[in-house]
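I have placed the structure first, in the form of structure tokens, so that the comments after it can refer back to it.
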Amino acid sequence: KRMVGLYGEFRASYKNLVYLTVTGRNDWSSTLPVNNRSYFYPSVSGSFVFTELLPKNNVLSFGKIRGSWARVGKDADAYSLGYYMWPVATLNGGKYGMGNSWTGGSVGLKPEIQDSYELGLEMRFFNGRLGFDYTYYQSKTKDQICAPRLAQSTGYIFLTLNGGSVENKGMELSITGKPIVTKDFQWETTLNLSGNRGRLGDFIDGVDIFYVTDAQVGAAKAGSIPNGGYFLGLTGNKYETAQGPDGKMYNVIDPSTGLYKDTQVETNIVGNREPKLIGGFNNSFSYKNFNLSFLFDIRLGGDIYNGTECYLVTKGLSTKTINRESVSFTGVVNTGTAAKPSYETKTITYNANETYQVGNSTRSGKYMIQEYYKNYAKNAYNFITDTNWLRLRSISLSYDFKDLLKKQNIIKGLTATITGTNLFVWTNYKGMDPETCVSGSGTGGSGSAGIDYCGVPATAGMSFGINLTF
């Protein structure tokens, strides 16, 4: 891979009041076709410090409005244009053979282009004792370079191509403060909050779901939904539902199985793994030579699929399957026809020591209880949690021994610190750790975040350190 770039920048300012920056860059990349090898992307940003026009006062110390627009270009990975073969291998019977590699290329590949803009307001009050920084942003990526799974009739599992567009918009807010400042004691605090809404825009015709990883656990898969759907989507199997005579929605019972009826496909959109809000709350307390600081990590919303629990249910190892003597469930049964359905509410109970006529078969109660739990594992919604958490990400206590070093000139500084990381988490998620995921970032970037499958939870840690300066 070889890239050549040309970059230019213009800056201007007026009396610490107005600032303007304009940039332009052109790249030539060897990983793109000759006709599309060159791509240009400019940017412009400006800010206005409006407090320079106001009389000095003790309330509003600083105020700035800023805005920017930028275009960013991206080339492809090396060897993304061609079609390649596996090395010659010996097959059954001692014959030699060769075949296509997993990923095919695209001779008409274009550079990926992202356009984004940002608006912001920064203000500080009471000589810096209180302040906030607010940002709204929006971006759209077109001609996204990706390698989606397509029909293997193409000869490949993946094809590298320009798939479509990705849209993101959101807000960020940072609030800083110094509530207490005295000679011996000081308290500083920072609250950071952000929320992003990602959507997959136009995509390849005929592709209803862009599966970005091999994260296919139980009844759920990680996927991005084209044409305005969730970028961090979750698809999976689910029960069919219908309205009962009381107007409420119920799961449909299949008379032929005596259990809930599932859709038998894993392409239903069952969740959105993107959090509604994430943030951090940092505090620092200083008293003479002591300093205590801690950071809380915050998350509100966002679905997590507990694949570990699903696996345990299918193996009969979950606490959900502990009752093997009797199970009861309520749903609706269609007493009409497929063309004109009519649903009636029905409650079914299976006891282990009894037998039942299910469809055209006679089944033991033990068999039906076992099948009930298998059927339970087919419904992705049984393992999805709209997750919140408050995590003590880190806490640190330090002491500065500077007062003991005044009578000598060898050691300039001595600080001792004890630190704890990931000590506590308060969450409504019932799995091991809502932060785990089943695999890495994936071919399309959204990865498998939000899918917990037999992962190892983050470890709690304690450390002690001494910092010496000579």
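Crowding of M171 atom CE: a count of heavy atoms from other residues, nucleotides or ligands under 6.0 Å not exceeding 12. Within 6.0 Å of OH on Y7 lie more than 12 heavy atoms contributed by other residues, nucleotides or ligands. Taking a 6.0 Å sphere around CD of Q264, one finds it holds 12 or fewer heavy atoms contributed by other residues, nucleotides or ligands. Environment of CG in N168: crowded, with over 12 heavy atoms of neighbouring residues, nucleotides or ligands closer than 6.0 Å. Around atom OH of Y84, more than 12 heavy atoms belonging to other residues, nucleotides or ligands sit under 6.0 Å away. For I157, the CD1 atom counts as densely surrounded, since its 6.0 Å shell holds more than 12 non-hydrogen atoms of other residues, nucleotides or ligands. Annotation: D205, atom CG; neighbour count of heavy atoms from other residues, nucleotides and ligands within 6.0 Å does not exceed 12. No more than 12 heavy atoms of other residues, nucleotides or ligands sit less than 6.0 Å from atom CZ of F424.
Between E309 atom CD and L317 atom CG the span is 10.0 Å, to the nearest 0.5 Å. Rounding to the nearest 0.5 Å places OH of Y381 at 9.0 Å from CG of D303. One distance of note links CZ of F125 with CG of L130; it measures 6.5 Å at 0.5 Å rounding. Taken from CH2 in W389 to CG in N428, the straight-line distance is 11.0 Å, to the nearest 0.5 Å. For the atom pair OG1 of T421 and CG of L295, the computed distance is 11.5 Å after rounding to the nearest 0.5 Å. Rounding to the nearest 0.5 angstrom, the gap separating the CG atom in L81 from the CG atom in D77 is 11.0 Å.
Remark: Y311 pairs with no residue by the ring-ring contact (aromatic ring centres under 6.0 Å, His included) rule, at least two apart or across chains. Residues forming a salt bridge (charged side-chain N to carboxylate O under 4.0 Å, His left out) with K1 (at least two apart in sequence, or on another chain): D75. For D115, the side chain to side chain donor-acceptor pair (under 3.5 Å) partners two or more places apart in sequence, or in a different chain, are R71. Evaluation of the ring-ring contact (aromatic ring centres under 6.0 Å, His included) rule for Y156 yields Y83 as partners, not counting sequence neighbours. F281 is linked by a ring-ring contact (aromatic ring centres under 6.0 Å, His included) to nothing, counting only residues two or more places apart in sequence or in another chain. For D254, the side chain to side chain contact (heavy atoms under 4.5 Å, CB included) partners at least two apart in sequence or on another chain are S256, T257, K261. Taking Y117 as the reference, nothing meets the ring-ring contact (aromatic ring centres under 6.0 Å, His included) condition, with sequence neighbours excluded. Remark: T319 pairs with no residue by the side chain to side chain donor-acceptor pair (under 3.5 Å) rule, at least two apart or across chains. Applying the side chain to side chain donor-acceptor pair (under 3.5 Å) test to N36 and every residue at least two apart in sequence or in another chain returns nothing.
Remark: the T349 side chain and the S328 side chain contain an N/O donor-acceptor pair separated by less than 3.5 Å. No hydrogens or angles considered: a donor-acceptor pair under 3.5 Å links the side chains of T31 and S29. Looking only at atom types and distance, the side chain of N26 has a donor-acceptor partner in the side chain of S38 under 3.5 Å away. Counted by atom type alone, S43 and T23 present one or more donor-acceptor pairs between their side chains at under 3.5 Å. In the model, R25 has a side-chain atom that pairs as donor or acceptor with a side-chain atom of Y41 under 3.5 Å. In this model, a donor atom of one side chain and an acceptor atom of the other lie less than 3.5 Å apart for N375 and Y239.
Every pair tested for salt bridge (charged side-chain N to carboxylate O under 4.0 Å, His left out) that includes a residue from residues 91-105 fails, sequence neighbours excluded, so the list is empty. Every pair tested for salt bridge (charged side-chain N to carboxylate O under 4.0 Å, His left out) that includes a residue from residues 325-351 fails, sequence neighbours excluded, so the list is empty. Pairs engaging residues 78-89 under the salt bridge (charged side-chain N to carboxylate O under 4.0 Å, His left out) rule: none recorded [sequence neighbours left out].
In this structure, E240 and Y260 have side chains that are not in contact, with every pair of non-hydrogen atoms separated by 4.5 Å or more. By the 4.5 Å heavy-atom criterion applied to side chains, K276 and R197 are counted as neighbours. The shortest distance between side-chain heavy atoms of N379 and D262 does not fall below 4.5 Å. Considering only heavy atoms from C-beta on, L423 comes within 4.5 Å of M462 through its side chain. Between Y134 and E172, the closest side-chain pair of non-hydrogen atoms is not below 4.5 Å. In this structure, L159 and T103 have side chains that are not in contact, with every pair of non-hydrogen atoms separated by 4.5 Å or more. Between E122 and R66 the shortest side-chain heavy-atom distance falls below 4.5 Å. Residues L161 and P148 meet the side-chain proximity criterion, which asks for heavy atoms closer than 4.5 Å.
Between F210 and C146, the shortest heavy-atom distance links the atoms CZ-CB, 3.8 Å. Here the closest heavy-atom approach between residue L32 and residue P111 is recorded as CD1-CB, 3.9 Å. Nearest approach of R273 to R299, heavy atoms of both residues: O-NH2, 3.9 Å. The two residues A219 and C310 come nearest to each other via the heavy atoms N-SG, 4.4 Å. Residues G455 and T308 share a closest heavy-atom pair of N-OG1, 4.4 Å. Heavy atoms only, all atoms of each residue included: N323 and I369 are closest at O-CG2, 4.3 Å.
Salt-bridge check for E435 with R391: passed, with a basic side-chain N closer than 4.0 Å to an acidic carboxylate O.
In this structure, the ring of Y372 has its center no less than 6.0 angstrom from the ring center of Y350. Residues Y250 and Y343 place their aromatic rings such that the two centres sit no closer than 6.0 Å. A distance below 6.0 Å separates the ring centres of F296 and F294.
Listed for the S174 side chain is no donor-acceptor partner under 3.5 Å among the backbone atoms of N192. A distance-only check finds a donor-acceptor pair linking the side chain of D433 to the backbone of A458 [under 3.5 Å]. At least one donor-acceptor pair closer than 3.5 Å links the side chain of S224 to the backbone N or O of F231.
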**OP:** Before giving the answer on side-chain contact (heavy atoms from CB on, under 4.5 Å), spell out for N306 and T385 the whole-Å C-alpha distance, their side-chain angles and the decisive distance to 0.1 Å.
**Re:** CA-CA 8 Å; N306 192 345; T385 304; 5.9 Å; no

Original post:
Could you walk me through whether T330 and T347 pass the side chain to side chain donor-acceptor pair (under 3.5 Å) check?
Top reply: CA-CA 4 Å; T330 300; T347 297; 2.9 Å; yes

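The aromatic rings of F383 and Y376 sit perpendicular to each other, their planes meeting at more than 60°, with 30° as the lower class boundary. In this pair, W102 and W86 present their aromatic rings perpendicular. The plane angle is above 60°, beyond the 30 to 60° band.
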